Amino acid sequence: MDDGIGRPAISIALSHVETLVGPHCERLLELARAVERSGAEQIALSEHVTLARVITGHPGKGPGVFPFPGSEQYPEPMVTLAAIAAVTSRIRLSTNILIAPLRPAVLLAKSASTLDCLSGGRLDLGVGTGWHVDEYAAIGVPMTQLASRLDDTLRACRALWSSQPASFSSATVSFSEMYCCPSPVQAEIPIWIGGGVNRGVARRVAELGAGWTPMGGNDLEEVRTARSMITSACQDAGRDPSTVGIRVSVAPSTVGSAQDRITGIVDRMAELAAAGATVVQLPLPQLVSGVDDATEVIASLIEAADARMGPVSASAR
């Protein structure tokens, strides 16, 4: 076992699982139940509301380069997590990420608080600005000043969740003496903010976030840098940096035996935890062969991670 501080929480991504659940999400809820039975801490869904036939604008990619086609399935995450909430009882439910500026702030606040109520307080709201120009154009939202739009949206949501009635005024969102009911079950819905590894995002996370999803995958140096930036930004804001999590994604190897793939994931989890990660998100198609073996495979992974690092730490839950 490593130093005994506990392993990161394990989040299982239920996006890009058409090969497992069918073209119309026929077995998606069954898969969610299997993930909960495995002992994983979280289920996560990413999103695009719509995608162009030729996709442009992906960070770090050239024109038309995107790992999925425009026809890729992206079930709307709030609707889907509400359905998953109805068939599960323990596992946390995350959007990682939801493109927040595509939704009016008041509507997002209402959807999130309703989902938090229906799930018994299990929502983690992961948000970002997105990057797909055609997606913004199709929805009729200007793709300008996205950072400030995101800030305004999150501040407005927090105001609506914490005060009844609530008032808020900014350049992009304004309302006075408005109610958003039902209120969330959680005293504060955790907001996880996706973005580049830079001081501006670190300041946003320190002010508004429960955690940070640094864009770029699971590069150890980026995770270390993100943790350092969080510490500095939290100190400036008078906040305890240990209250801020970092989420990273790990893609399992597609070669070797099942046990070799699990060992490789656990090795990487240990390295990422040492660098400052508190949540590790895993895709399923590279890990399991179908819905029927999901519980056993994920449970084996968790057992191996616990043996290596100790049970999940309380701060990572």
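Excluded from the calculations below are hydrogen atoms, water molecules and symmetry mates; all remaining heavy atoms, backbone and side chain alike, are included. Everything numeric in this text was worked out from a predicted model, so none of it was measured.
Within the structure, ring pair (Phe, Tyr, Trp, His ring centres under 6.0 Å) contacts touching residues 70-105 (residues at least two apart or in different chains) are H16-Y74, H48-Y74. Residue pairs meeting the side-chain hydrogen bond (donor to acceptor under 3.5 Å, both in side chains) criterion with at least one partner in residues 30-39, sequence neighbours excluded, are R27-E30. Applying the ring pair (Phe, Tyr, Trp, His ring centres under 6.0 Å) rule to pairs touching residues 267-301 yields nothing, sequence neighbours excluded. Annotation: salt bridge (charged side-chain N to carboxylate O under 4.0 Å, His left out) contacts involving residues 275-287, sequence neighbours excluded, are absent.
Counting only N and O atoms by type, the side chains of S11 and N96 include no donor and acceptor under 3.5 Å apart. Counting only N and O atoms by type, the side chains of R122 and T88 include a donor and acceptor under 3.5 Å apart.
Its side chain within the 4.5 Å cluster rule, V141 clusters with V49, I99, L102, V133, Y136, I139, M143, L146 among the Ile, Leu, Val, Met, Phe, Trp and Tyr residues. Applying the under-4.5 Å side-chain rule to Ile, Leu, Val, Met, Phe, Trp and Tyr, the cluster around M178 extends to V106, L160, F168, V173, F175.
Residues that satisfy the side chain to side chain contact (heavy atoms under 4.5 Å, CB included) test with V185, not counting sequence neighbours, are D116, C117. Residues forming a side chain to side chain contact (heavy atoms under 4.5 Å, CB included) with S228 (at least two apart in sequence, or on another chain): none. Applying the side chain to side chain contact (heavy atoms under 4.5 Å, CB included) test to S257 and every residue at least two apart in sequence or in another chain returns Q259, D260. Residues forming a side-chain hydrogen bond (donor to acceptor under 3.5 Å, both in side chains) with D151 (at least two apart in sequence, or on another chain): R204. Among residues two or more places apart in sequence or in another chain, the side-chain hydrogen bond (donor to acceptor under 3.5 Å, both in side chains) test is passed with R268 by N218, E271. Listed by chain and number, the residues in a side chain to side chain contact (heavy atoms under 4.5 Å, CB included) with L81 are I43, L45, I84, L93, T95, L115 (sequence neighbours excluded).
Counting heavy atoms of neighbouring residues, nucleotides and ligands inside a 6.0 Å radius, atom CZ of R203 does not exceed 12 of them. By the neighbour-count criterion of 12 heavy atoms within 6.0 Å, atom CD of E72 is densely surrounded, having more than that number from other residues, nucleotides or ligands. Environment of CZ in R90: crowded, with over 12 heavy atoms of neighbouring residues, nucleotides or ligands closer than 6.0 Å.
What you find for A171 and D152 is that their closest heavy atoms are N-OD2, 4.0 Å.
Taking 4.0 Å as the cut-off between side-chain N and carboxylate O, E188 and R158 count as a salt-bridged pair.
Screening D293, T295, L301 for a side chain to side chain contact (heavy atoms under 4.5 Å, CB included) involving V297 leaves a single residue, D293.
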